Amino acid sequence: MTTQLVGDLMILALLARVFGPDAVALLRRLAAAGVRAGVSEMTRHERGDGR
(Lines give C-alpha, C1' and ligand atoms only; values in the text may rest on other atoms or scores of the structure.)
Protein backbone atom coordinates (compact mmCIF):
# COMPACT_ATOMS: atom_id res chain seq x y z
CA MET A 1 0.00 0.00 0.00
CA THR A 2 1.47 3.33 -1.02
CA THR A 3 1.63 6.32 1.28
CA GLN A 4 -0.64 8.29 -1.05
CA LEU A 5 -3.30 5.57 -0.82
CA VAL A 6 -2.98 5.49 2.97
CA GLY A 7 -3.41 9.26 3.07
CA ASP A 8 -6.48 9.11 0.85
CA LEU A 9 -8.03 6.39 3.01
CA MET A 10 -7.37 8.42 6.17
CA ILE A 11 -9.06 11.47 4.64
CA LEU A 12 -12.04 9.36 3.59
CA ALA A 13 -12.32 7.89 7.09
CA LEU A 14 -12.18 11.38 8.59
CA LEU A 15 -14.88 12.66 6.20
CA ALA A 16 -17.11 9.70 7.01
CA ARG A 17 -16.61 10.34 10.73
CA VAL A 18 -17.30 14.09 10.51
CA PHE A 19 -20.15 14.15 8.02
CA GLY A 20 -21.66 10.77 8.88
CA PRO A 21 -24.05 8.90 6.61
CA ASP A 22 -24.31 11.73 4.07
CA ALA A 23 -20.61 11.48 3.24
CA VAL A 24 -20.79 7.70 3.01
CA ALA A 25 -23.74 7.90 0.60
CA LEU A 26 -21.90 10.47 -1.53
CA LEU A 27 -18.76 8.30 -1.64
CA ARG A 28 -20.83 5.30 -2.72
CA ARG A 29 -22.38 7.31 -5.56
CA LEU A 30 -18.97 8.55 -6.68
CA ALA A 31 -17.55 5.03 -6.58
CA ALA A 32 -20.48 3.69 -8.61
CA ALA A 33 -20.03 6.44 -11.20
CA GLY A 34 -16.32 5.63 -11.43
CA VAL A 35 -17.04 1.95 -11.97
CA ARG A 36 -19.61 2.73 -14.67
CA ALA A 37 -17.14 5.03 -16.43
CA GLY A 38 -14.41 2.40 -16.28
CA VAL A 39 -16.65 -0.34 -17.64
CA SER A 40 -17.90 1.84 -20.47
CA GLU A 41 -14.30 2.76 -21.35
CA MET A 42 -13.28 -0.91 -21.40
CA THR A 43 -16.19 -1.91 -23.62
CA ARG A 44 -15.49 1.01 -25.96
CA HIS A 45 -11.92 -0.21 -26.46
CA GLU A 46 -13.06 -3.81 -26.96
CA ARG A 47 -15.41 -2.72 -29.77
CA GLY A 48 -12.61 -0.87 -31.48
CA ASP A 49 -14.09 2.59 -30.97
CA GLY A 50 -11.05 3.66 -28.98
CA ARG A 51 -7.74 4.86 -30.31
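Quantities reported herein were computed from a predicted structural model and do not represent experimental measurements. Nothing fancy with the numbering, it's 1 onward along the sequence. The basis for the numbers below is simple: all heavy atoms, side chains too, and nothing from hydrogens, waters or symmetry mates.
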L14 and M10: CA distance, side-chain angles, deciding distance, side chain to side chain contact (heavy atoms under 4.5 Å, CB included) verdict: CA-CA 6 Å; L14 179 63; M10 288 175 60; over 6 Å; no
Sequence-distant partners of R17, side-chain contact (heavy atoms from CB on, under 4.5 Å), two or more places apart: none
Find out whether D8 and Q4 are in side-chain contact, i.e. whether some heavy atom of one side chain is under 4.5 Å from a heavy atom of the other. yes
Please tell me if the side chains of L26 and L30 come closer than 4.5 Å, counting only heavy atoms from C-beta onward. yes
